[in-house]
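These figures come from a predicted structure and were not determined experimentally. Values reported hereafter were calculated over all heavy atoms of this structure, with side chains retained and with hydrogens, waters and symmetry mates removed.
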Number of protein chains: 2
Amino acid sequence: MATLKELARLSKASIRTVARVVHRKGYVGAKTRERIEGAIAELGYEPDLAARSLRTRRSFEIAVVVPTADEIHMDKLAAAERQLRGAGYRLRVFFEGQGTPPEWKALFKHLHASKPAGVLFLPALPPAGLEGASGLGKAGIPYVLMDLVTGNHPGVRIDRPQGVYEAVRHLIASGRKRIAFVGPGEAQSRSRLAGYRRALEEAGLPAIHLECAPEAAEEVRRLGRELADRPEKIDAVQAYTDQVAMGLLAGLHDAGRTVPREIAVVGFDDRRMAMLAWPPLTTVAQPNREVGEAAAAMLLEWIDRGGGPPPVESRTVPTRLVIRESG
Amino acid sequence: MATLKELARLSKASIRTVARVVHRKGYVGAKTRERIEGAIAELGYEPDLAARSLRTRRSFEIAVVVPTADEIHMDKLAAAERQLRGAGYRLRVFFEGQGTPPEWKALFKHLHASKPAGVLFLPALPPAGLEGASGLGKAGIPYVLMDLVTGNHPGVRIDRPQGVYEAVRHLIASGRKRIAFVGPGEAQSRSRLAGYRRALEEAGLPAIHLECAPEAAEEVRRLGRELADRPEKIDAVQAYTDQVAMGLLAGLHDAGRTVPREIAVVGFDDRRMAMLAWPPLTTVAQPNREVGEAAAAMLLEWIDRGGGPPPVESRTVPTRLVIRESG
DNA sequence: CTGAAAGCGCTTACAG
DNA sequence: CTGAAAGCGCTTACAG
């Protein structure tokens, strides 16, 4: 690969001057500049990032910690990468806790030692990861959480209450009166429950929280089978995720119920499968692209400030109700 | 961060000797070694990769090109990363062609210039990417395709014919006689069709290829609606992907058909949603972990050989029939 | 077996 | 405005 030295020789200028052109700063005589730019194009020069980081002691690497590699999170990451790449950074990914138990200690030790320009944490980061993230911040390594749920971290807040609020309002507007929320317990469902309860309260309708483990497909399906026979006379469900919604649909179909005529079902996430469900799922879409772009922007801003204290504000991005056929 | 120099000072040895301990090669006196190892632990030394690659002119980066970031491909990548990380390499990801049109030229220019230790290509790589990959190989940069479909490339071949063969055999064994294949045209479906046709021929049953664009959800659903009324009297379907299978299921349900009683449906991929379909989808599972591990192994092997010509052999990994309720 | 030294490509304070 | 030079941390051929 071409080096500054070769560039200098070819264009009969000093390394110093070539560097000026490469960095687009400092005055360089018009003719000299022209020669140098010609040489850059001719040799296809790209600066050696290893040398640059060795010299400047800064890195152009953004480390990305990926606790779960599902499509909605990868869409967020793809959007972030676009921005970050444009700003001259590269993404280095660490899958952690998939297939093998996570080794947070080793990972954070490595991150502290390799000093990336910044770190991006994808959802769903467990407590051990959250703690490690704080440690990075204290050590002056900027970081951003792609899904800020709780605690005092720089991150992007996905406005779940608002999306769920809209979804439940939509159910109410279409005449539903006994709307259940199906998902995990209070702690994990907090933000969705907030929107759910607000909509119901405004309409003077009762809240019905049916708990289930969202990953337990069989359990969710069974719940769906029994849903229509429950004493609460449920006529609609806001599910915790699309996956829960799909499990409920399966159970409802098992029991011979018609969706949405007897029971409406609304999901959350808008995965690609949502439109393939039967009936196609009405759901609250996560704004993956906006999340990625907002996270990238926050991280770049903190990096450009040269480390220091974390940004005070987190950004909140809205969710969006997507109406299909299930509710 | 600690440097070799500090380590040398702390352990009263020369840099050369410290380097020996770090690299675990060459003889070092027992006492010296002990002092040095103590110092390494105490300072939490991790070598500076920028300096190392600047000096050795080799990189410890594996570039990963990601044309589509869906969960099954990310599972493959996660498995590969585990192996590669263990061997001292880091993954640098490039999402290409998601959200913005792909810029293959710029990407490959960058890859040639930055000389990663190797490059991993995830499915589904379009022709422009394939061509660029060959170019890397010719320039001495090892690469592996995670899903080798066609052409002469080092890569992992997913044994689709065998999985589809098993699936169709399973359908035949359960009494199906008019088994259709639903998916895109000959070229794209070739490997699946091979397994499909072999099973049918062996049983003396007719092949029925119904074409559809796998991404066109509405079209697939319509096809599903009309499936049972077709002159071919179809009683089972092998779908191109789980997504096609789900679309067909939706259409079949629209038309009031019972699955699998009237028509059995088998998918391909075993996405996480497959078990959430109604009825839960019988499908052919891609061996994501094995694919990732095989790809990593091939890449490491080529890297260790120090570039040169590509490995002659591609590896083939088997697929696996997962029987649920839809067929 | 171990030490002193050169040099990878870059950036940048210092001269001229 | 532009040139010569030092040094980032590492590896490694060369001495001793």
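- Atom OH of A/Tyr27 and atom P of D/dT2 are 7 Å apart (whole Å).
- Under a 4.0 Å N-O distance rule, the pair A/Arg85/B/Glu96 qualifies as a salt bridge.
- Aromatic ring centroids of B/His153 and B/Phe121 lie 6.0 Å or more apart.
- Ion pair A/Asp147/A/Lys76 not flagged as a salt bridge, since none of the NZ, NE, NH1 or NH2 atoms sits closer than 4.0 Å to an Asp/Glu carboxylate oxygen.
- To the nearest angstrom, C1' of D/dG7 lies 9 Å from NZ of B/Lys5.
- One finds a side-chain N or O of B/Tyr45 lying less than 4.0 angstrom from the OP1 or OP2 phosphate oxygen of D/dC10.
- Nucleotide C/dG9 holds its P atom 17 Å from the CG atom of B/Asp48, rounded to whole Å.
- Distance B/Leu49 CG to C/dC8 P: 20 Å, rounded to the nearest Å.
- Stems are defined here as 3 or more consecutive Watson-Crick or G-U wobble pairs with pairing distances under 3.5 Å; those involving DNA chain D are C:1-3 with D:14-16, C:5-12 with D:5-12, C:14-16 with D:1-3.
- Residues of residues 50-60 of chain B that place a heavy atom closer than 4.0 Å to DNA chain D, in numerical order, are B/Ala51, B/Arg52, B/Arg55, B/Thr56.
- The backbone N or O of A/Pro154 lies less than 3.5 Å from no partner atom in the side chain of A/Ser314, so there is not a single donor-acceptor pair.
- If you take NE2 of A/His23 and C1' of C/dT11, they are 7 Å apart, rounded to a whole angstrom.
- Contact annotation: B/Thr3 does not reach the phosphate of D/dG9 (side-chain N/O to OP1 or OP2, under 4.0 Å).
- In this structure, CD of B/Glu6 is placed 14 Å from C1' of D/dC10, rounded to the nearest angstrom.
- The pair A/Arg90-A/Glu61 does not meet the salt-bridge criterion, since no charged nitrogen lies less than 4.0 angstrom from a carboxylate oxygen.
- Residue A/Leu4 is the one, among A/Arg16 and A/Leu4, whose nearest nucleotide of DNA chain C lies closer to the 5' end (criterion: closest heavy atom).
- Taking a cutoff of 4.0 Å between a charged side-chain nitrogen and a carboxylate oxygen, B/Asp48 and A/Arg57 qualify as a salt bridge.
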